[in-house]
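Written below as structure tokens is the structure these notes are about.
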Amino acid sequence: MTSTPSSPPHALQCHPATPAGLPLNVSVAMRSTREGLRLVYTVSGDMAGLRIPPATEPAPADGLWQHTCLEVFVAVEGEADYREFNFSPSGQWAAYRFAGERQRDTSPAPDLPAPVMQLAITPTLLTLDVHLPLAALPLPAQHVELALCAVIEEHDGRLSYWALQHPCERPDFHHPAGRSLRLALPKN
């Protein structure tokens with residue numbers, strides 16, 4: 001699972017209200033497959049300056065966005081409801097359903113399948129390769145709208161917020177305008 005998806009990487013931009021204290025580049029390469037969505041997050045820079053959560057048993061966990069966390073927001077094209085997925089370098093992950101902007105849908109739903117993640121870290125590069133199963137995505141859909149995002153924590157606790165685009169004065173990954181990327185899902 002370490003090969004790079006076929007699409008060119010999408011560069012994420014740091015929100016100007018939360019500048020990074022270190023020179024960093026954050027990008028996401030992605031593609032849809034018959035099995036789901038493949039995302040390869042890359043953070044380049046001095047990894048020693050970042051606070052990267054230690055590896056733990058892969059499992060769902062809340063509050064991952066409070067530390068280094070890589071994210072994707074997925075909505076069926078033209079729909080108000082969406083899903084948020086958080087992936088921690090620790091191996092933990094989270095999946096949330098929303099009925100509208102920041103309106104959490106807590107009605108009973110089938111358990112979403114866990115993503116499969118593989119982490120690689122060097123002194124200058126963090127790569128998190130994520131396979132998000134098709135059953136975790138909002139279906140049925142031919143096209144989805146995506147927001148690719150990241151929260152990066154530095155050793156001093158500083159958080160910077162990264163996305164394809166930032167539609168608001170403050171970081172807000174939930175804003176519908178942030179889901180600016182369109183992707184066709186393969187037909188079964």
Side-chain angles (χ1 to χ4, degrees), residues 2 9-30 37 39-74 82-98 101-106 112 114-132 136 146-181:
T2 58
H10 298 276
L12 303 187
Q13 306 301 314
C14 186
H15 194 288
T18 62
L22 301 169
L24 298 171
N25 289 302
V26 181
S27 64
V28 185
M30 56 172 268
L37 186 59
L39 303 152
V40 179
Y41 295 87
T42 303
V43 180
S44 60
D46 180 9
M47 294 300 107
L50 300 184
R51 189 175 291 169
I52 299 170
T56 186
E57 186 69 28
D62 282 324
L64 297 175
W65 53 269
Q66 297 173 19
H67 303 284
T68 298
C69 177
L70 308 165
E71 305 182 9
V72 64
F73 290 71
V74 183
Y82 61 96
R83 293 193 180 160
E84 173 186 355
F85 300 95
N86 302 162
F87 313 110
S88 172
S90 71
Q92 294 178 310
W93 57 277
Y96 304 101
R97 294 178 309 127
F98 292 87
E101 187 177 349
R102 293 189 179 277
Q103 298 171 2
R104 183 100 178 261
D105 182 349
T106 57
L112 299 178
V116 176
M117 300 185 289
Q118 184 173 357
L119 175 68
I121 300 178
T122 70
T124 59
L125 190 67
L126 178 148
T127 303
L128 187 63
D129 190 339
V130 177
H131 174 261
L132 191 57
L146 303 168
L148 303 174
C149 315
V151 177
I152 306 296
E153 184 178 19
E154 296 175 28
H155 267 297
D156 64 2
R158 175 195 301 236
L159 295 173
S160 56
Y161 297 86
W162 300 73
L164 284 173
Q165 68 179 34
H166 295 281
C168 302
E169 283 186 33
R170 302 295 307 162
D172 184 358
F173 297 159
H174 289 265
H175 196 284
R179 295 190 295 271
S180 60
L181 190 62

Taken to the nearest 0.5 Å, the spacing of L126 CG from I121 CD1 works out to 4.5 Å

By ring-ring contact (aromatic ring centres under 6.0 Å, His included), Y82 pairs with (sequence neighbours left out) F98, H174

Which atom pairs, one a donor and one an acceptor, fall under 3.5 Å between side chains of residues 44-52 and the rest of the protein, sequence neighbours left out?
from	atom 1	to	atom 2	distance (Å)
D46	OD1	A48	N	3.1
R51	NH1	E153	OE2	3.0
R51	NH2	H155	O	2.5

Residue pairs meeting salt bridge (Lys or Arg N to Asp or Glu O under 4.0 Å), one or both in residues 154-164, sequence neighbours left out, come to E154-R158

Rounding to 0.5 Å, atoms CH2 (W65) and CG (L159) come to a distance of 9.0 Å

For A11 and L164 the tightest heavy-atom approach is O-CD2, 3.8 Å

Check your understanding: Ignoring hydrogens and geometry, is there a side-chain-to-backbone donor-acceptor pair from Y41 to L148 under 3.5 Å?
Key -> no

Scanning both residues in full, the closest heavy-atom pair of W93 with A114 reads CZ2-CB, 3.4 Å

Sorted by chain and number, sequence neighbours left out, side chain to side chain contact (heavy atoms under 4.5 Å, CB included) with P167 holds for H175, A177

Residues passing the side-chain hydrogen bond (donor to acceptor under 3.5 Å, both in side chains) test with W162, sequence neighbours excluded, are S160

Interatomic distance, CG@N86 vs CD@Q66, rounded to 0.5 Å, equals 10.5 Å

Check whether any side-chain heavy atom of L146 sits under 4.5 Å from a side-chain heavy atom of M30, and report yes or no. yes

Query - Within-4.5 Å side-chain heavy-atom neighbours: P115 and F85 - result: no

Worksheet item: Within a strict 4.5 Å, meaning less than it, do heavy atoms of the M117 and P58 side chains meet?
Response: no

The side chain to side chain contact (heavy atoms under 4.5 Å, CB included) partners of A61 (sequence neighbours excluded) come to L64, Q92

By side chain to side chain contact (heavy atoms under 4.5 Å, CB included), P53 pairs with (sequence neighbours left out) T68, S88, P89, S90

Side chain to side chain contact (heavy atoms under 4.5 Å, CB included) filter on T124, not counting sequence neighbours, yields T122

Which pairs of donor and acceptor atoms, one on a side chain in residues 15-27, lie under 3.5 Å apart (sequence neighbours left out)?
from	atom 1	to	atom 2	distance (Å)
H15	ND1	A17	N	2.9
H15	NE2	C168	O	2.9
H15	NE2	E169	O	3.3
T18	OG1	H15	O	3.4
T18	OG1	Y161	N	3.2

